[in-house]
Structures are given as C-alpha cells and as structure tokens.
Amino acid sequence: MFEDISKVVLISDMDGTLLNSQKKITDTDRNAIEKFMKLGGKFTIATGRTIQSFEQYYDMLDLRMPLIMYNGAAIYDWQKSELLYTCPLPDESRRIALEILEAMPHIGGEVLRTDGTYVFRNNDYQALHTKICGIDPYYMELTEIPDGGWLKVLFAMAPEDISQIEILVKQKGYDSVTFVKSSDIFYEMLPLGITKGTALNEYRRLDGMSDYTFAAAGDFDNDTDMLIKADLGAAPSNAEEIVKQSADLVLKNSCDSGAIAELVEYIIAQCENKKNAE
C-alpha cells in the first residue's frame, strides 16, 4: 500500500488528534510532520473548523495541500484562497434549527458559512467554542442570518443534553440533513450524507490525486467515516472506542504524547520496507 512516500497523503483531525488537551500542537508531532514532508509526504487537515478559525494554525504547519473543512462540507485550497468543493445545507435547515431551539431553548448555536460564523444563541458552551476558535463572530437571530451557503449548524450544550438532542432528532425524523456529535458538548447539522469521509472521496477526485495513498487519523464520532474510507485509518489511544473499532491501526500514543508522530514513523517504516523488498 505504501510504495512511495511522495504518493502518500496523511490527513489528520485537529482536536483530540493533532491538537493536545491544551489545544496545542506538540513539538514531537510538529517535528514528525516536518520530517514527513521533507521526505516527500503530503500532510493536511480534516476539521470542523471554518476558514477563519483555522487561520491561527495555518502558519504553524506550513500546509501546502488543500484542507477538508466544515466537517466535510468543503475543501479549501489555502495557498490559492480557493474553494475546491462545497456542499451546502438545504434551505429547510433554518426551519429544522428553529424547531430544535424551540424544543431546547437553553442550548447555544451558530451557523457556519464561508464568510464567517453567525451565533444565533449564546450560552457558556457556545462562548467556549467561540473562544477556542479565536474568532469574532456575527451575533444575530437565526431568522436574520443570510440565506444560502450554510455549510453546517453547530449546537452547543452541556454534556448531559447531548443524549436529549439525539433523541429529539431521531423522533423528528429529519431526512434532508445529517447530524453528528463532534465533541462531548457539540452536536452538528450537516448536509445530507456529508462526512469527512465523503470529503476524502472528493479529495481523491481532485486534479492529480487519483493515484495517491491516503492515511487518516481521528478520535471522535465525526472522524469514523474518514477512517473507514482512507487506505489506512488510525486512531490515537485517547479515541472513542467506536472509533478504534473502525480504525485499521490503534496507536499506542495519545494526542498528548505524540500520536501523529507515531503514525508518521509507521508510514515511513512501511515505505522503507516496501522499498527494501524490491
């Protein structure tokens, strides 16, 4: 599978995978990524973040490949400032979000578009998300957010409320959108069928990418489909059990102890073994 490192793309989730528990990239992982890229490997990110909220990390990684963003609803070429792929939510997503807010008025939330983040209900968990992302959002009622171009809706709430919103969504039977839990306090509405995995499939269709081998790493529910669709799916030791079950490789290290560095060394060794066997 790993025959030529220059034909390998490693795609990493951010929170809980590349970022440690302090939302930082460890020197161990950063050095390993630099080594991987110097050997010819390609590295990029698959994240739920927006274009604006990812900016603080871009220069840290010297990324040269397009990024999967908005949990799979977009692929963005940062070097060209160009959207290569988008799949927006349907118009009725506003109605769906309003129904959810009516049933759970205490939860926070935001709409994410390529032009920014629109906070329609603020609570402590939504404020935390805004702080984590390091953005200056627009604050307005859900009914006032511009039409079109909604790539996802994020709901923020206490951990004990996640099961309630999951039950609500199941009871409502929404069949025009997809829902996914992206952390213990975030629950997201995405375009129907859209995941980081479907975005990986779109990535393979980008110009010149059809003959690349894709490795992917992630730790949470919203990463599972990407791990399944990658040629090699890896989970750090801190990943949820369901994610580990979907992975081809469960790493010994966590996001705090160099999981990505471990995966990089695994890929390098696989390429070297293949080369030595020829």
Side-chain angles (χ1 to χ4, degrees), residues 13-17 19 21 23 46-50 53 70-73 89-90 92-112 117-133 137 142 150-199 217-228 233 235-247 250 254-256:
D13 166 56
M14 293 282 289
D15 301 274
T17 306
L19 300 184
S21 53
K23 305 297 181 183
T47 179
R49 283 176 166 77
T50 67
S53 64
Y70 303 89
N71 264 331
L89 282 159
E92 66 179 305
S93 57
R94 188 196 305 272
R95 175 187 61 80
I96 294 171
L98 285 167
E99 288 183 358
I100 291 173
L101 282 185
E102 183 178 0
M104 301 182 69
H106 55 290
I107 66 175
E110 64 186 34
V111 171
L112 295 96
T117 298
Y118 296 76
V119 174
F120 53 79
R121 181 73 58 79
N122 217 6
N123 64 5
D124 290 343
Y125 299 97
Q126 176 59 53
L128 174 62
H129 187 249
T130 301
K131 181 178 179 181
I132 289 172
C133 292
L142 186 56
W150 292 24
L151 294 178
K152 72 174 187 175
V153 179
L154 180 143
F155 299 99
M157 67 206 76
E160 58 267 26
D161 288 328
I162 291 290
S163 59
Q164 182 181 345
I165 195 172
E166 288 178 323
I167 292 170
L168 173 64
V169 165
K170 185 175 182 180
Q171 289 175 339
K172 290 289 187 179
Y174 300 121
D175 58 5
S176 60
V177 295
T178 292
F179 288 91
V180 66
K181 182 173 70 170
S182 56
S183 85
D184 290 334
I185 60 174
F186 301 136
Y187 195 69
E188 302 186 11
M189 183 201 308
L190 293 166
L192 183 63
I194 290 299
T195 67
K196 291 181 181 180
T198 60
D219 73 304
F220 214 78
D221 289 13
N222 58 321
D223 300 310
T224 301
D225 193 46
M226 177 175 69
L227 302 195
I228 292 171
S237 64
N238 58 281
E240 290 194 320
E241 189 59 35
I242 190 171
V243 180
K244 291 179 179 179
Q245 293 173 6
S246 301
V250 177
S254 71
C255 62
D256 289 312

May I ask you to decide if [Y]'s main-chain N or O and [X]'s side chain share a donor-acceptor pair within less than 3.5 Å?
| X | Y | value |
| --- | --- | --- |
| Thr178 | Gly193 | yes |
| Asp223 | Val243 | no |
| Arg49 | Cys133 | no |
| Lys152 | Gly48 | yes |
| Asn238 | Cys255 | yes |
| Lys244 | Ser237 | yes |

field: CA sep, side-chain torsions, deciding dist, call: Met157, Ile162, side chain to side chain contact (heavy atoms under 4.5 Å, CB included)
entry: CA-CA 7 Å; Met157 67 206 76; Ile162 291 290; 3.8 Å; yes
Within this structure, what is the [atom1]-[atom2] distance for the pair [X] and [Y], rounded to the nearest 0.5 Å?
| X | Y | atom1 | atom2 | answer |
| --- | --- | --- | --- | --- |
| Leu101 | His106 | CG | NE2 | 10.5 Å |
| Ile107 | Ile185 | CD1 | CD1 | 12.5 Å |
| Ser93 | Leu98 | OG | CG | 9.5 Å |
| Glu99 | Glu92 | CD | CD | 9.5 Å |
| Asp184 | Asp221 | CG | CG | 9.5 Å |
| Ser183 | Leu128 | OG | CG | 8.5 Å |

Determine the minimum heavy-atom distance between [X] and [Y], stating which atoms define it.
| X | Y | answer |
| --- | --- | --- |
| Ser176 | Leu192 | O-CB, 3.5 Å |
| Ile194 | Ala73 | CG2-N, 3.7 Å |
| Glu240 | Lys181 | OE2-NZ, 4.1 Å |
| Ala247 | Leu227 | CB-CD1, 4.1 Å |
| Ala97 | Leu142 | CB-CD2, 3.6 Å |

Over 12 non-hydrogen atoms of neighbours within 6.0 angstrom of CD1 in Ile242: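 Atom CD1 in Ile242 is not packed in, count stays at 12 or less.
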Heavy atoms of other groups near Glu102 CD, more than 12 under 6.0 Å: no
query: Do Glu188 and Asn71 meet the criterion of a side-chain donor-acceptor pair at a distance under 3.5 Å?
result: yes
- prompt: Is it true that the side chains of Ser182 and Asn222 contain a donor and an acceptor less than 3.5 Å apart?
  reply: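 Ser182 vs Asn222: no donor-acceptor pair found between side chains.
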- request: Describe, in one word, how the ring planes of Phe179 and Tyr187 are oriented to each other, choosing from parallel (under 30°), tilted (30 to 60°) and perpendicular (over 60°).
  value: parallel
Could you tell me if the side chain of [Y] sits less than 4.5 Å from the side chain of [X], heavy atoms only?
| X | Y | result |
| --- | --- | --- |
| Thr224 | Gln245 | no |
| Ile165 | Phe155 | yes |
| Asp225 | Thr198 | yes |
| Asp15 | Lys23 | yes |
| Pro159 | Tyr125 | yes |

field: Verdict with reasoning, Glu110 to Gln126, per side chain to side chain contact (heavy atoms under 4.5 Å, CB included)
entry: CA-CA 8 Å; Glu110 64 186 34; Gln126 176 59 53; 2.5 Å; yes
message: Apply side chain to side chain contact (heavy atoms under 4.5 Å, CB included) to residues Arg94 and Trp150 and explain how you reach the verdict.
response: CA-CA 9 Å; Arg94 188 196 305 272; Trp150 292 24; 3.7 Å; yes
